[in-house]
Amino acid sequence: MTTYATDWRAAGACRSADPELFFPIATGVAVTATQVMKAQRICAGCGVRQQCLDFAMQNGEVHGVWGGTTPEERVRARRALARRTRRAQRRAPWQEVRAS
């Protein structure tokens, strides 16, 4: 039996790509940036990109390109989510959250 947690991996556009693109081991900013851009181009056309990103965010992946995002982008997204959560928790119960 397969689950949502593993089904998406078989459908990933990265399945046939060089894993080094997604987990660069080369040194040098220019080399790494080129690899990341290539990986992100593959992710851009992937049908399971959101599932991949969800997996990375839920599991705290700190290395590699997941769902078209870099580790730094995921850190920023986690911090932004934490800030929004803290703000929502500080609201007084009588304050309404306006729908945008």
Looking at every heavy atom in both Gly64 and Pro71, which two are closest together, and how far apart are they?
O-CD, 3.4 Å

With a 4.5 Å limit on heavy-atom distance, are the side chains of Arg74 and Val62 in contact?
no

Quick one: list whatever passes side chain to side chain contact (heavy atoms under 4.5 Å, CB included) with Thr85, sequence neighbours left out.
Leu81, Gln89

In one Ile/Leu/Val/Met/Phe/Trp/Tyr side-chain cluster, 4.5 Å: Phe55, Val65
yes

Using 30° and 60° as the class boundaries, would you call the ring planes of Trp66 and Phe23 parallel, tilted or perpendicular?
perpendicular

Hey, mind stepping through Phe22 and Ile42 against side chain to side chain contact (heavy atoms under 4.5 Å, CB included) and telling me if it holds?
CA-CA 10 Å; Phe22 298 89; Ile42 292 169; 3.9 Å; yes

Could you pull out every donor-acceptor pair under 3.5 Å between side chains of residues 10-19 and any protein atom, sequence neighbours left out?
| unit_1 | atom_1 | unit_2 | atom_2 | d |
| --- | --- | --- | --- | --- |
| Asp18 | OD1 | Glu20 | N | 3.0 |

4.5 Å side-chain heavy-atom contact, Leu53 and Thr69
yes

Restricting to side-chain hydrogen bond (donor to acceptor under 3.5 Å, both in side chains), what partner residues turn up for Arg49, sequence neighbours left out?
none

Could you grab the distance from atom CZ of Arg79 to atom CZ of Arg83, nearest 0.5 Å is fine?
8.5 Å

Tell me, do Val48 and Arg9 make a side-chain contact under 4.5 Å, heavy atoms counted?
no

Of all heavy-atom pairs between Gly68 and Glu73, which one has the smallest distance, and what is that distance?
O-OE1, 3.9 Å

